[in-house]
Amino acid sequence: MDFKFEIAKAIATATGLETAEVTSGIEIPPNTEMGDYAFPCFRLAKTLRKAPPLIAADMVANIVKPDFICEIKVEGAYVNFFTNKGMFAKEILENVINEKENYGKSTLGNGKTIVIDYSSPNIAKPFHVGHLRSTVIGNAIYKIHQFLGYNCEGINHLGDWGTQFGKLIVAYKNWGSKQAVEEHGIQELMRIYVKFHDEAENKPELEDEARSWFVKMQDGDEEALSLWKWFYEISMKEFDRVYAMLGVKFDAYTGESFYNDKMAAVVDELKEKKLLVESEGAMIVDLEEEKMPPCLIIRKDGGTLYATRDITAALYRKNKYNFEKCLYLTALDQNLHFAQWFKVIDKMGYEWSKNLVHVPFGLVSLDTGKLSTRKGNVVLMEELLNQAVNETKKIIEEKNPELPNKEEVAKQVGIGAVIFNDLYNGRIKDVVFSWERMLSFEGETGPYIQYTNARACSVLKKAGVTCVDTNVDFALLADESSAEVCKLLADFPNKLQDSAAKYEPSIVSRHLVNIAQAFNKFYHDNPILSSEENVKNARLTIVYAVKTVLTVGLGLLGINAPEQM
RNA sequence: GCAUCUUUAGCUCAGUGGAUAGAGCGUUCGGCUCCGAACCGAAAGGCCGUCAGUUCGAUUCUGAUAAGAUGCACCA
């Protein structure tokens, strides 16, 4: 039963208004003492030509009270509805307990494909905290959409093509050795890459050399390609290790190199459609009409660019997946780039250009300044995750030394803390990396939710139930803290849909915090195991429902929910 | 110069065209003989950047303006 809808119907019959327009006018009061639902009458003043408080009074006089409403009060221009807490609790708790891990699932997205382009680090550069956001936000958006019935295609659009590999080849030939690269992996590739930039300051001809090696790569030169492939494999080995720790997977690793042989056709298409013009030796699509700088397609020396590959990839993906939406999870500073090439797709005559969505997030920096791999101003992802796990181990030793499976739990909690930290604030906010914040496990954090869940699991275990009985007296759950938990659980499915619609995982993470807070208060206020049998059984349904929703919610964020910690 | 984003408590951030603007951290105080204290409770802390406009009503919408961040031709 949809309580809000039923109330709207009752108001509609009492006033002669449309149910739909009433529904949108119903609010949840800021304070439970004011009621569970409220209808402000200000808006009706004009059409009904009456003072709002009078409208409210008339409404109450005429309304037929739905059976789940126990009281209706007028407060100025507001009509406040008080639900029967027991009936509300029954409705929501039965629902969660019956649905279990499917609670909140939807068929909303059935038959629709969403392509999500996320993580996408550059090969031959270490995976650092700057790559975290795209990876975990993308992963969460993927899982949430999947839960809502969408078919998702997660793509790691690796930065595995471009002039930087020309640079790397030059660097390797001048200052590298096979042995050093095999021994130190990305670290060594990084070292010679930095060396290249140092040297190139005084010898600009190195840059030309690098560009020409990249052109060789494009042309299929065997030596260039075999070096490139080697660098690729070295890098992927390290990336896979990080992805395994984060629990992130992709459906495809079609990076930029994948499009190397597909770009010529797209360039031809651009020419055919008379969009490509020459400018200062390069080939561009002019966007003056759109008040944007031109979109560069081909360099003076014939090399392709970022936009060329993105346009090609978009056409390829549309053809392959026939997506409903294609999302790009990158930092906000790439805004213009996406706006430009989305426009190029539009100018090519593809109406689906409006389904390409840049999902931006704020910049990550360190307190020592901007992230810079070249300058060594970075925090490596593995280092961060290991630190978080170690810190968790210390806490476990201190608080729960008897815990079985410590190693595994420390990973789940430590890494969960890092992921949650990144998903907790709105994605647009800039972030200054802070060890202190990353390694804090109290308050609004992942471990707080995991702890709450573990606590609920512990109660259920002690009660000796694996699945609770819904044949209980829900009227015993009419107290304020029980009602608050129920209210939040009932709102979970809406929050999931809102989160998906806005591509904003923080809507889910914040809701989980709210549920955990409400549950901890409930737990504190209400003895469970020591209560009389009927009260105990009723309260156990809340414990079970909370455990279920927290586990589902954390799972959608890509975080594990251990039963003990 | 043009464009995008941000501005709410000491700090980090939620939030809403409407009733008393919320949370965590930090500070001060209180709570484990009791289901897990990685917890709970209380106190203190706010011209919701500034100025106009729309509105019965603006912290929320619009327009200016200020401050900060970022981007703007051959990197990605």
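Below, chain A is the first sequence line, B the second, and so on; all start at residue 1.
At a threshold of 4.0 angstrom between heavy atoms, the contacts of A:Gly426 are confined to the sugar-phosphate backbone, with no base atom among them. Residue A:Val413 is classed as a base contact, given a heavy-atom separation below 4.0 Å to a base. Residue contacts for A:Glu402: at a heavy-atom cut-off of 4.0 Å it reaches no nucleic acid atom on any strand shown. Within 4.0 Å (heavy atoms only), A:Ala45 reaches no atom of the nucleic acid at all. Nucleic acid contact for A:Lys291: none, since no nucleic acid atom lies under 4.0 Å from a heavy atom of the residue. If you check every strand for non-hydrogen atoms under 4.0 Å, A:Gly162 touches sugar and phosphate atoms only. Counting any heavy atom pair closer than 4.0 Å across all strands shown, A:Arg211 reaches sugar-phosphate atoms only and no base atom. Using a 4.0 Å heavy-atom cutoff across all strands shown, A:Ile396 reaches at least one base atom of the nucleic acid. Among the atoms of the strands shown, base atoms are found under 4.0 Å from some heavy atom of A:Met565. As judged by a 4.0 angstrom heavy-atom cut-off over every strand, A:Ala454 is placed among the base-contacting residues. Within 4.0 Å (heavy atoms only), A:Leu336 reaches sugar-phosphate atoms of the nucleic acid but no base atom.
OP1 and OP2 of B:A76 both lie 4.0 Å or more from every side-chain N or O belonging to A:Tyr306. The side chain of A:Arg309 places an N or O atom within less than 4.0 Å of a non-bridging phosphate oxygen (OP1 or OP2) of B:A76. Taking only side-chain nitrogens and oxygens, A:Lys461 never comes nearer than 4.0 Å to OP1 or OP2 of B:G36. Between A:Lys521 and B:C40 there is no side-chain polar atom (N or O) within less than 4.0 angstrom of OP1 or OP2. In this model, the phosphate group of B:C40 is approached by a side-chain N or O of A:Asn520 to a distance below 4.0 Å at OP1 or OP2. Note on A:Arg455: a side-chain N or O is less than 4.0 Å away from OP1 or OP2 of B:A37. Phosphate contact (OP1/OP2 of B:C40, side-chain N/O of A:Tyr448, threshold under 4.0 Å): present.
Base pairing of B:G53 is made with B:C61, judged by Watson-Crick or G-U wobble geometry with both donor-acceptor distances under 3.5 Å. Using N1 to N3 plus N6-O4 or O6-N4 for Watson-Crick, or N1-O2 and O6-N3 for G-U wobble, each under 3.5 Å, B:U28 pairs with B:A42. The partner of B:A21 is absent, by the rule that a Watson-Crick or G-U pair needs both atom distances under 3.5 Å. Searching all strands for a Watson-Crick or G-U wobble partner of B:C72 with both distances below 3.5 Å returns B:G1.
Figure legend: cation-pi geometry between A:Arg427 and A:Tyr503 absent, as NZ or CZ is not positioned both under 6.0 Å from the six-membered ring centre and within 45° of its axis.
Across B:A38, B:G36, B:G71, the shortest atom-to-atom separation from the side chain of A:Lys370 is found for B:G71. Comparing B:C35, B:A76, B:A14 by their nearest atom to the side chain of A:Gln164 picks out B:A76. Comparing B:A76, B:G36, B:U12 against the side chain of A:Lys462 picks out B:G36 as the nearest. Considering only side-chain atoms of A:Tyr523, the nucleotide from B:A37, B:A38, B:G41 that sits closest is B:A37. Proximity note for A:Val459 (side chain, C-beta onward) versus B:A76, B:G36, B:U4: the nearest is B:G36. Nearest nucleotide to the A:Pro447 side chain, out of B:A69, B:A38, B:C40: B:A38. Closest to the side chain of A:Leu332, from the set B:U6, B:A69, B:C5, is B:C5.
Closest non-hydrogen pair, A:Ala314 versus A:Trp341, comes out as CB-CZ3, 3.6 Å. Of all heavy-atom pairs between A:Thr32 and A:Lys487, the closest is CG2-NZ, 3.3 Å.
Between the CG atom of A:Leu371 and the C1' atom of B:A76 there is a distance of 15 Å, rounded to whole Å. The CD atom of A:Glu290 sits 16 Å away from the C1' atom of B:C2 (whole-angstrom rounding). Rounded to a whole Å, the CZ atom of A:Phe42 is 12 Å from the P atom of B:A58. Distance, A:His358 NE2 to B:C5 C1': 12 Å, rounded to whole Å. When rounded to the nearest whole Å, the span between CD of A:Glu504 and C1' of B:A14 equals 11 Å.
Distance noted for atom C1' between B:G45 and B:U8: 14 Å (whole Å). Nucleotides B:A9 and B:C34, compared at atom P, are 42 Å apart to the nearest Å. With both ends at atom C1', the span from B:A64 to B:A43 equals 42 Å, rounded to whole Å. Between B:U7 and B:C11, the distance separating the two P atoms is 14 Å to the nearest Å. One P atom belongs to B:U60, the other to B:U55, and the distance between them is 16 Å to the nearest Å. When the C1' atom is compared between B:G46 and B:C13, the two are found 15 Å apart, to the nearest whole Å. Comparing B:G63 with B:U27, their P atoms are spaced 43 Å from each other, to the whole Å. Across B:G1 and B:A44, the matching P atoms stand 47 Å from one another, rounded to whole Å.
Taking NZ of A:Lys4 as the start and CG of A:Asp36 as the end, the distance is 13.5 Å to the nearest 0.5 Å.
Looking at which nucleotide of RNA chain B each of A:Arg427 and A:Ala516 is closest to, the 5′-most match is held by A:Arg427. When the nearest nucleotides of RNA chain B are assigned to A:Pro293 and A:Gln564 by heavy-atom distance, the more 5′-ward of the two goes with A:Gln564.
In summary, A:Asp498 and A:Lys502 engage in a salt bridge, as defined by a charged side-chain N under 4.0 Å from a carboxylate O. Salt bridge A:Glu209/A:Lys167: absent, no basic N to carboxylate O contact under 4.0 Å. Here A:Glu280 does not pair with A:Lys300 in a salt bridge; the nearest charged N to carboxylate O distance is not below 4.0 Å. Using a 4.0 Å cut-off between charged side-chain N and carboxylate O, A:Glu398 and A:Lys394 make no salt bridge. Taking the charged nitrogens against the carboxylate oxygens, A:Lys461 and A:Glu563 have no contact shorter than 4.0 Å, which rules out a salt bridge.
Remark: A:Lys262 NZ is packed, more than 12 non-hydrogen atoms of other residues, nucleotides or ligands lying under 6.0 Å away.
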Exercise for the section: Begin from the C-alpha positions of A:Gln218 and A:Asn260 and carry the test side-chain contact (heavy atoms from CB on, under 4.5 Å) through to its verdict. Expected result: CA-CA 7 Å; A:Gln218 286 190 82; A:Asn260 186 37; 3.9 Å; yes
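In the interface, the side chain of A:Ser279 is paired with the base of B:A73 through a donor and an acceptor atom under 3.5 Å apart.
Side-chain contact annotation: A:Thr368 with A:Asn377, donor-acceptor N/O pair under 3.5 Å present.
Residues that satisfy the side-chain hydrogen bond (donor to acceptor under 3.5 Å, both in side chains) test with A:Asp346, not counting sequence neighbours, are A:Lys343.
For RNA chain B, the neighbouring residues in residues 524-533 of chain A, judged by any heavy atom under 4.0 Å, are A:His524, A:Asn526, A:Pro527, A:Ile528, A:Leu529.
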Exercise for the section: Would you mind building the protein contact string for nucleotides 19-24 of chain B? One character per nucleotide, 5' to 3', B for base within reach (heavy atoms under 4.0 Å), S for sugar-phosphate only, - for untouched. Expected result: BB--BB
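Not less than 6.0 angstrom separates the ring centroid of A:Phe214 from the ring centroid of A:Phe165.
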